[in-house]
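Input: a single structure, listed below in structure tokens.
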Amino acid sequence: MLAVRDDLATVTPRSARAGKETTQEPGSCGAACRIRDVASATVFDKDSRHVILHAGSRACHSVPLLDERDVLLGVISSHHARPIAGFTRSRLAALHETAGVVGRWLARHRRTVILDALEDLRRTARRR
């Protein structure tokens, strides 16, 4: 549902750090995507549209979670009960700043906690 394509406003990793929206082709990894109105967006088939609308989501804005090298780690989305026209510049900047913090945290977590846990498993397996 989040890797959708439509003629929507997008935010690339570079413009996200600057707090700016662009009108580049959406749907690529690492670009934010806004579905202004699920009911009329051409990216959904009939069944998908029905499920999304039935869940109470008329619009969504997805923001990529990127590490320091702009590697996509995940996506975070806000869903809205009514169609949206856009966000204020400050709200958009706050969304992308939060996504940046979460992306960096996920990258750090993968580099430290997960690797430490794997090393502990390796040590435990060697002892047996």
Phe87 side, atom CZ; Leu95 side, atom CG - distance, nearest 0.5 Å:
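That separation rounds to 5.5 Å.
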
Distance (rounded to the nearest 0.5 Å) between Glu97 CD and Ser90 OG
11.5 Å

Give every donor-acceptor pair under 3.5 Å between a side-chain atom in residues 111-126 and any protein atom, sequence neighbours left out.
| residue | atom | partner | partner atom | Å |
| --- | --- | --- | --- | --- |
| Thr112 | OG1 | Arg108 | O | 2.7 |
| Glu119 | OE1 | Arg122 | NE | 3.1 |
| Glu119 | OE2 | Arg122 | NE | 3.2 |
| Glu119 | OE2 | Arg122 | NH2 | 2.3 |
| Thr124 | OG1 | Asp120 | O | 2.9 |

Would Arg34 and Ile84 count as a side-chain contact (heavy atoms from CB on, under 4.5 Å) here? Give the steps.
CA-CA 9 Å; Arg34 183 181 322 126; Ile84 56 174; 3.5 Å; yes

Taking all non-hydrogen atoms of both residues, which atom of Ala59 and which atom of Pro83 are closest, and how far apart?
CB-CA, 4.0 Å

Closest non-hydrogen contact found for Ala32 with His61 is CB-NE2, 4.3 Å

Could you walk me through whether Val38 and Ile35 pass side-chain contact (heavy atoms from CB on, under 4.5 Å), step by step?
CA-CA 6 Å; Val38 171; Ile35 303 293; 3.9 Å; yes

Strictly by salt bridge (Lys or Arg N to Asp or Glu O under 4.0 Å), give each pair with a member in residues 74-83 just once, sequence neighbours left out.
none

Sorted by first residue and then second, give each salt bridge (Lys or Arg N to Asp or Glu O under 4.0 Å) pair with at least one member in residues 56-66; sequence neighbours left out.
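Listed by first then second residue: Asp37-Arg58.
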
Applying the 4.5 Å side-chain criterion to the ILVMFWY set and letting contacts propagate, would Leu66 and Val101 be lumped into a single cluster?
no

Residues that His50 engages under side-chain hydrogen bond (donor to acceptor under 3.5 Å, both in side chains), provided they are two or more places apart:
none

Going by the rule side-chain hydrogen bond (donor to acceptor under 3.5 Å, both in side chains), which residues pair with Asp45 if we only count those two or more places apart in sequence or in a different chain?
Ser48

In chain order, what residues pass the side-chain contact (heavy atoms from CB on, under 4.5 Å) check against Leu106, with sequence neighbours excluded?
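Partners of Leu106 by the side-chain contact (heavy atoms from CB on, under 4.5 Å) criterion, ordered by chain and then number, come out as Leu65, Leu73, Val102.
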
Any pair with a residue in residues 108-128 that passes ring-ring contact (aromatic ring centres under 6.0 Å, His included), sequence neighbours left out, goes on the list, sorted by first then second residue, please.
Trp105-His109

Using modelled atom types and a 3.5 Å cut-off, is there a donor and acceptor pairing between side-chain atoms of Arg49 and backbone atoms of Ala39?
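Answer holds: yes.
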
Side-chain donor-acceptor pair present, His80, Ser78, cut-off under 3.5 Å
yes

